[in-house]
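Read the numbers this way: they start at 1 and go in the same order the structure lists the ligands and their atoms.
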Amino acid sequence: MCALISLRCRQLLDHRIEIFLALVDISQQFSENGNSRCCHRDPARSLEPGPEGPETPIQVVLRVRPMSAAELRRGEQSVLHCSGTRTLPPGGGPEVAFRFAAVLDGARTQEDVHAPAARSFSCTVFTFGQTGSGKTYTLTGPPPQGEGVPVPPSLAGIMQRTFSWLFDRVQHLGAPVTLRASYLEIYNEQVRDLLSLGSPRPLPVRWNKTRGFYVEQLRVVEFGSLEALMELLQLGLSRRRSSAHTLNQASSRSHALLTLYISCKTAQQMPPVGPGEPPVGGKLCFVDLAGSEKVAATGSRGELMLEANSINRSLLALGHCISLLLDPQRKQSHIPFRDSKLTKLLADSLGGRGVTLMVACVSPSAQCLPETLSTLRYASRAQRVTTRPQAPKSPVAKQPQHLETDMLQLQEENRRLQFQLDQMERKASGLRGTQMAWAQRNLYGMLQEFMLENERLRKEKSQLQSSRDLARNEQHVLAQQVHELERRLSACHRHQPGPGPAPLCPCLMVPAPSCHALPPLCSCPWRHLCPLCQAPLAHWACPWRERHLQQVLGPEAPGSRPLSARPPPWAPPCSPGSAKCPRERSHSDWTQTRVLAEMLTEEEVVPSAPPLPAGPPNTSPVLRGGAGVQNLAQRLEALREQIGSSLRRGRSQLPHSEGARSPGQVRPPC
Ligand SMILES: Nc1ncnc2c1ncn2[C@@H]1O[C@H](COP(=O)(O)OP(=O)(O)OP(=O)(O)O)[C@@H](O)[C@H]1O
């Protein structure tokens, strides 16, 4: 039969410390080992595995040692009655029973006290109780029987069994694990390093935000085997202060704290450890408190009394902190952990992030009943203290959390930006469809309009240039005609008042206007001079020119049109499609000022040409080519009138016989 102390420490697990992941569930062990005989757990107090961070009460187990030989010799009575998870003090009813997570009576052996199944990063196991109640025995077994004589395995305490269990798990883990250990005692309110290389010396207790309270310059020894760890344990036990008094021949005079640090060896995961700084990782802490004692009962004197007073003060400070931790409201406020070195170093175990297991040790003797009741009350209060287990915030542990947080933030930002981008693209696509279509249509339309307008402007420019050139040519021709007519008119005026009659020009015999009407002079071989002014006549200026030419040159010159059909050299060019081309002007046409004016005014109108300024409604058409042409045409008309009037005056002065000449007497054509 075996019985187990159900130390169901549900812990937060760090994935890096695989060793704790593989720990067996104590509840399963509890059932498998059938501890129904004497070790009972309280279902109401049992802890179920839960998520990270729940409030976890301190687990308290009561161990009642057997009556010692001395107690039996003194005839003392065992007064504690254990039943299940309860223990009944003498004289009380069920209503005064103390209930704990587990109760182990004196029949339980060391093998029944199983190692704590620590699934925590930070797990603390400490024993407390009256002096000689069996605290050290529970943790480390009986004192060594001699130097170098190991404790029999059957009598090994929780610490040795936990060490063995730990190495067994490490071997089955398959991953490199670094194990370190430190061991200290608090003696007369001084911290001493039990593993120091030299003689132990007082060490200061410091505090910082990352580590909390810690012992400065505490030696942390790495070990690689169970034997090495056992040696460290024995070294510390041998250095620990102990004395003999009435109730215990090997009474511990100090509080002892042995801590195991478990960490992975992966260099990427472990930050460098500073000198004397314990590595970050899983931690198991075993605390063997010095026993409270009544000086009167123990008979301590001198140094023993001083030690007892120091022990009692620190235990009183611990009890005070526990009482304050029971009050949820005060728990959030100040807890006087600084009142003693003990409470400083147990602060994390009592109110921090670790899981705590307390083993309350009592004597069943009636002589110890007052202290036993005090311990029961103390333990009963302590098991109502809760902690909130969580992984320590080491840089190693924080890094993945930061990375994960950063990654989540970046993903969220990415989704938000992507959403905004989609919104913008959606709006842009909506605008683009209409705006681009509009722009394309308008640009294309505008381009077409610009091209057409440009083409129209090119045509207008070309036509305006043509009109300008034409007008200049017409102006030039008219200027020559005007000049010639003015010269002839001045000649006529010179001969008109002369004494003798001037020879009659055959041209005057025709009813048409005289050949003086137009400047191109007649080249007729018969008459080279005008009979009136004796000026040379152009060949086409004679009204009978064509008849004369036919007589001289024949009916028609080969390869040429009739002379009458030939335009004068100054005639405006005839465009192929022009509406004026089909009508060829006769010689007489060209001899008329009206024809010239018509030619100038009825010149082909270019549709795209800009309109000329319109004159008054009854005014004559505005000649193309400008005011110069118009003035010339007016002057030409005026000259023609003057010539006509001069001729009429000349005829009226001629002799009647000559004026009655018959048509048959017409002179041969010139
Ligand atoms: N369960 C037990 N079975 C047999 N012997 C025990 C048991 N518990 C304690 N003892 C014996 O009782 C004596 C006192 O035990 P222990 O020294 O562990 O008491 P303690 O609480 O540590 O005392 P102190 O506070 O003075 O150190 C020892 O001789 C030890 O062997």
Side-chain angles (χ1 to χ4, degrees), residues 3 5 38-39 61-74 76 78 80 82 87 102-114 125-146 149 151-152 154-161 185-187 233 236-258 286-295 297-300 303-305 307-312 314-315 318 342 358-365 367-368 371-372 374-376 378-379:
I5 298 175
C38 59
C39 183
V61 175
L62 177 64
R63 188 181 194 193
V64 183
R65 66 165 172 80
M67 294 290 288
S68 65
E71 291 170 338
L72 291 174
R73 280 197 304 271
R74 293 192 292 265
E76 299 174 0
S78 176
L80 285 181
C82 298
T87 183
V103 175
L104 296 173
D105 62 13
R108 303 288 71 79
T109 65
Q110 290 286 75
E111 294 177 346
D112 296 332
V113 183
H114 197 276
V125 181
F126 68 94
T127 56
F128 72 96
Q130 181 188 11
T131 181
S133 62
K135 301 181 292 296
T136 304
Y137 183 90
T138 299
L139 281 177
T140 60
Q145 299 301 313
V149 180
V151 177
S154 60
L155 298 179
I158 292 176
M159 293 175 67
Q160 292 94 332
R161 298 176 189 276
E185 69 173 355
I186 304 173
Y187 175 75
L233 173 63
L237 288 174
S238 64
R239 286 187 171 183
R240 188 181 180 187
R241 297 291 185 96
S242 64
S243 299
H245 55 73
T246 306
L247 298 180
N248 189 358
Q249 295 301 313
S251 176
S252 302
R253 311 310 292 172
S254 65
H255 310 295
L257 285 78
L258 185 145
F286 301 91
V287 181
D288 183 12
L289 295 177
S292 60
E293 63 179 75
K294 289 184 177 178
V295 177
T298 58
S300 300
E303 187 177 7
L304 287 178
M305 188 174 64
E307 295 170 351
N309 291 336
S310 177
I311 293 170
N312 289 337
S314 59
L315 293 175
L318 179 62
L342 177 65
M358 295 179 67
V359 180
C361 299
V362 294
S363 169
S365 172
Q367 298 298 323
C368 299
E371 287 77 15
T372 299
S374 176
T375 300
L376 292 176
Y378 195 97

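In this structure, L289 CG and S314 OG are separated by 7.5 Å, a value rounded to the nearest 0.5 Å.
Remark: ligand 1 atoms within the under-4.0 Å shell around heavy atoms of R65 are 1 (N), 7 (C), 8 (N), 9 (C).
If you check which protein heavy atom lies closest to atom 25 (O) of ligand 1, you get K135 NZ, 2.7 Å. Atom 18 (O) of ligand 1 has its closest protein heavy atom at Y137 N, 2.8 Å. The protein heavy-atom contact nearest to atom 17 (O) of ligand 1 is N248 ND2, 3.0 Å. Protein heavy atom closest to atom 19 (O) of ligand 1, with residue, atom name and distance, is G134 N, 3.1 Å. Among protein heavy atoms, atom 27 (O) of ligand 1 sits closest to S252 N, 2.8 Å.
For R73 (side chain) and S68 (main-chain N/O), no donor-acceptor pair under 3.5 Å exists by modelled atom type. Remark: the backbone N or O of A290 is not paired with any side-chain donor or acceptor of K135 at under 3.5 angstrom. The backbone N or O of A156 lies less than 3.5 Å from a partner atom in the side chain of R161, making a donor-acceptor pair.
Contact between Q249 and ligand 1 is absent, with no heavy atom of the residue lying under 4.0 Å from the ligand. The shortest separation from a heavy atom of Q130 to ligand 1 is under 4.0 Å, placing the residue in contact. Ligand 1 has no atom lying under 4.0 Å from any heavy atom of S68.
With respect to S363, the side-chain hydrogen bond (donor to acceptor under 3.5 Å, both in side chains) criterion is satisfied by exactly one of E76, Q130, E71: E71. Screening E307, R253, H255 for a side-chain hydrogen bond (donor to acceptor under 3.5 Å, both in side chains) with Y187, the sole residue that qualifies is E307.
Proximity of T140 to Q160: side-chain heavy atoms (C-beta onward) are separated by under 4.5 Å at one or more points.
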Salt bridge (charged side-chain N to carboxylate O under 4.0 Å, His left out) assessment of R240 paired with D288: CA-CA 11 Å; R240 188 181 180 187; D288 183 12; 2.5 Å; yes

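Heavy atoms from both the backbone and the side chain of T136 come within less than 4.0 Å of ligand 1.
For ligand 1, the polar-atom distance check finds no N/O of D288 at less than 3.5 Å from any of the ligand's N/O atoms. Ligand 1 has an N or O atom lying under 3.5 Å from an N or O atom of G291, backbone or side chain.
Checking G132, P66, P143 against atom 14 (C) of ligand 1, the nearest heavy atom belongs to G132.
Within a 4.0 Å radius of atom 29 (O) of ligand 1, the protein contributes no heavy atom.
For an aromatic pair to be called close, the ring centres must be under 6.0 Å apart, and F128 with Y378 satisfies this.
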